[in-house]
Each structure stands twice: as structure tokens, then as C-alpha cells.
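Data first, discussion second: the structure below is written as C-alpha cells.
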There are 2 protein chains.
Amino acid sequence: MQKKTVKRSGAGASAPAPLQDERPANDGEGGASDQEIYERVITSIMEHRLPPGTKLGEDKLAKIFGVSRARVRQVLARLALERVVVLHPNRGAFVAEPTVEEAREVFEVRRPLEALVVHRIVAKKDPAIIARLRAHVAAEEAARAARDRRAIIRLSGEYHVLLAELSGSTLAARLMHELASLTCLIIFLYDAPTVPACRDQEHAEITQALADGDETTAIRLMAEHLEHVEACLDLSRGRPEELDLEAALAG
Amino acid sequence: MQKKTVKRSGAGASAPAPLQDERPANDGEGGASDQEIYERVITSIMEHRLPPGTKLGEDKLAKIFGVSRARVRQVLARLALERVVVLHPNRGAFVAEPTVEEAREVFEVRRPLEALVVHRIVAKKDPAIIARLRAHVAAEEAARAARDRRAIIRLSGEYHVLLAELSGSTLAARLMHELASLTCLIIFLYDAPTVPACRDQEHAEITQALADGDETTAIRLMAEHLEHVEACLDLSRGRPEELDLEAALAG
DNA sequence: AATATATCTTTTGTCGACAATTTATCGATA
DNA sequence: TATCGATAAATTGTCGACAAAAGATATATT
């Protein structure tokens, strides 16, 4: 039997702003709503079940979700705008393969953005927020106990999205959602095969500092956390394929 | 005769990443390309020729641009994702009306992002960059001389987008493009009718600090600049309509 | 006369079909 | 046998038509 996938932490994190006001939600029968399609696709991407470079054929997805191609097209366009997929004209949609440069840019932008979020959280002094964070950290630990690497990486990203959401800034939350998705792709692309146990209890430590209302420590821990994640990556050279290709041609 | 509108500074700024690889560009005849439609709409919004709350009917736009409704729909979806228009289900698309809260969030995120961009620019030490910036500042001054308030506001926003683009971070440039568009909307919504002469030569001063390679000063000037812009706004209460409505009902 | 209901108009949402482009397959030729 | 070219298959891009919902108008009723 396969490793069991840890369920996503129900309510909060990674629920990307609905973009439109709610609607009846076509939940009955075969057809899924746009939001559902979006979430299933991006979750699959974040969990690496759809690895970078995978072709996302419109007809194929349409049949899978039991909806028309136009629907799928909309979702793909949205994902493309979030840079999680790239569109090649007349060729179709593919799961994005962030370059090393893009990866560095993502971390570079995340750094100050995470600091801002931490600042806001501390300013709120809301026990309910701490409770939500602790619950999420617990879910992460469960995933780690279950050795579910995919869920671990996705939940790690969602911790930061949850943080941004709880900070009360819808803008920061939206940006963090996008950056977290990209970070997931980056980790799967560049993570050194050594060990994903790099950042284990850091989320718990950050949460504790937030609970203590210690902004300075929380920001420092967050900065270190991001550094650790980035340090675990192998960004010294381009991604495998391109490197191999160039090397082969050079030889 | 009407005040003449200053042309946009040709090449660089506010050219939002093409999202797709280039294509033949259906430039001939009546139909405009998606990118053209997008740029014309967002420029109109940034120049306040399409004020917040304006309905953007699909059929209407389709006829204006000589293109099918589906095309317009795509562009509107993109603008909605950038939060510069909002979609009401079964009601259509409207130019966004950012709330006071959203306005504050925009400035809050811009602050560290601009600092990051300044840092990158200084690190590059590229005279060509300074030249581009000076050219843009000159265009701003021309608009100011022409008393073209719309162009002034748009160009002010585009200065920051240009800065982000020249910094070499495509991610920062993309985010700045979005934030600058929203800032334009915010200024038009909340700018105190006192005087738009609030921030006049500040871009020139920042550019000079960048030319001197003085990062500390550049970052300080940028921070002050953003503070000044935000201070010029009247964010003390909600936007007119809603306030009037509530006040009327309360009385 | 004012409100509520019903009908009509306008606009959006959705879908399937056709056209254009790319990719794959097959055959011919050197 | 390998390469080049032509044909065929599959996939994306685009559009117009139909269905559904909201808004407006007119009518009937209290």
C-alpha cells in the first residue's frame, strides 16, 4: 500500500481569494466549479504529482474534470498569470520550470514580505491566531510522522500563506499564495537530494516567538528559516536537462 | 481645445510581461491583439479616463476594439486577477474601487519592495540605467509643464515600474506593475483636492542618489517619497458614496 | 397613488463547431 | 539505410449561437 497522503488543513490556508463573489457552486453531478478545478490543479502541482514541464492538455483536463474546454482554459490562464504554468502559443500549457534566477528572485521578495507579515501578526496579539498556527504546525508534524514528503512540502508552503492570511492583509496573502506555489516548484526542482529534513521545527519556533509577542526574534527566525530553505537548494547551476544539453553540445 | 495628453515614454515602463511568448501580432485591419487591448484599457484606467466604478460591458468593449467578446473577456479576467477591475457574477466587470484598507495595504507592501528595487539598482552600477531613469523623469517634467494631470499620475506610477524593470528582477517588476496600477486608482479616489504638486521633484532626487551610488540616501528618499504620497491622500474615512449613503441613512 | 407582479430587454455565462497551427507518421529518394 | 518531404492526426485558437440571469418597463391590484 502507498504512503497515505495527509489531508490538507481544512479551512484556512491556501484558499486563494475567490476572485469573484460567491456563487451557487455547481457542485452537483459531474461538473466541477472553476475554483475546484483551480485548487485541484495547483495542489497537484504543489505536491509534485504534476512535475515541472508536464503538459496540461486542455481536452485531457476537460475530460478529467467533466467540464468543457473553455472552463479549463480559464483556469489555465489564471495559473499562467500566477506563473505556475507557462503558455506556449499553439503548443499548450505546461507546468512551469522556474529558472535559477527566478528562484532567487522569489526568495528575495519573500524575505521582506514575510517580515511585514510577522510584524502585523505580532501587532494583532490575537490568541486565536496563535491557535490556528499551532494547529497547522501540528498538521505539518503529522505529515512528517507519516513520511509524506509531498504533503510536507505543500503544508510548509501553506504555513506561510496562512500566516499572511491571519495577518489581515489580503494583498500580502495573495502575494504569498503565489510565492509559496512557486517556492514549492522550486524546491522540487532544485532541492538537493540530501535530505528534506532541513527545516523541521522552525515553523514551531517561529510560532512560539509570535505567541510570546517577540517581534525581533520572530523576524530573525523567519529570516534564518528562509535562508535555510534557500541554502538547502542547489542553485549553483541550471536545472538538469538544460545543463546536460549544453554540456553535451559543448563536448 | 483640450489639454494635450503627453505620450507615454515609448519603450520601457509599464509594459507588463507579455505572459506568452511573442506571436505574429494581429496588427493589421480592425482587430487589436490581446496585449493591445489590455494596455489601452489599463492605461485608460490609470489615467482616470475610466473612473473607478465604471462598468466595462463586454459587448461595448468588443465593438470598440473591433474584436470578439471572447477576446475582451480574457482581458477582463486578467485585469480582475490584477485587482484593477472586479467581476460581479452575472453583472459584469467594473473598474475597481479600492477600499481604504486595501490602499493602506498597497503602500505597506510597496515600502519594502521599493527598497529592494533600489538596492538592486545601486548594486548594478549601470550608467545606462541612470540614463533611462533621467529620460523618464524628463518626460514627467514635460507632463507637469503641460499641466496634464492624468499623464503626471500615470507617469509617476510608471517611474516605479521602470525602476523595478531596470533592477533586473522580473518578479519585482511584475508586482510593481500591479501595485502601481492600484496606486493610480487610489490616488484618483482619495487624493485630497488640495494639490497634486505634492511630490514634484522627488523622482529626480531619487534618481540622483542612484546615480551617486548612495544606497542609504536613495532608500531614505524613496521611503519619504512613499510617505508623502500616502500623506497626500485622505484615508481618514471611506470613499464618498458609501459614507454619504451611511450618513444619509443614519440621519 | 403606490406597491407588487409579470413580461420584456439587455447582458453575461456556457458550449460546441470550425479554422489554423503544430506534431507525428508515412513514403519517396539519394 | 538515412534523410528529406508530403500527408495525416491531434491540439490549440477563435468565433458565433444559445441559455440563463439580472435589470427595466409596463400593467394590474390594493
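Per chain, numbering begins at 1; letters A, B, ... match sequence-line order.
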Sugar-phosphate only, base, or nothing, as touched by B/K55 at under 4.0 Å among non-hydrogen atoms: sugar-phosphate
DNA chain C: 5'-proximal contact among A/A70 and B/D59 (nearest heavy atom): B/D59
Salt bridge (charged side-chain N to carboxylate O under 4.0 Å, His left out) between B/R40 and B/E36, worked out: CA-CA 6 Å; B/R40 281 189 54 184; B/E36 283 174 323; over 6 Å; no
Please state how far atom [atom1] in [X] lies from atom [atom2] in [N], giving the value in whole angstrom units.
| X | N | atom1 | atom2 | answer |
| --- | --- | --- | --- | --- |
| A/E58 | C/dG16 | CD | C1' | 14 Å |
| B/L87 | C/dT11 | CG | C1' | 14 Å |
| B/R71 | C/dT12 | CZ | C1' | 19 Å |
| B/H88 | C/dT11 | NE2 | P | 17 Å |
| B/K63 | D/dG16 | NZ | P | 11 Å |
| B/R73 | D/dT14 | CZ | C1' | 15 Å |

Could I get a table of every N or O pair under 3.5 Å where one atom is in the protein and the other is in nucleotides 20-23 of chain C?
unit_1, atom_1, unit_2, atom_2, d
C/dT23, OP1, A/R91, NE, 2.6

Under 3.5 Å side-chain donor-acceptor pair for B/E230 and B/Y190: no
Charged N-O contact under 4.0 Å between B/R71 and B/D34: yes
B/R174 and A/E178 ion-paired at < 4.0 Å: yes
Per B/S68 side chain, nearest of listed nucleotides D/dG13, D/dC15, C/dG16: D/dC15
A/R69 (side chain) and D/dG13 (base): donor-acceptor pair under 3.5 Å: yes
Salt bridge (Lys or Arg N to Asp or Glu O under 4.0 Å) partners of B/E114, counting only residues at least two apart: B/R110
Within-4.5 Å side-chain heavy-atom neighbours: B/E165 and B/H160: no
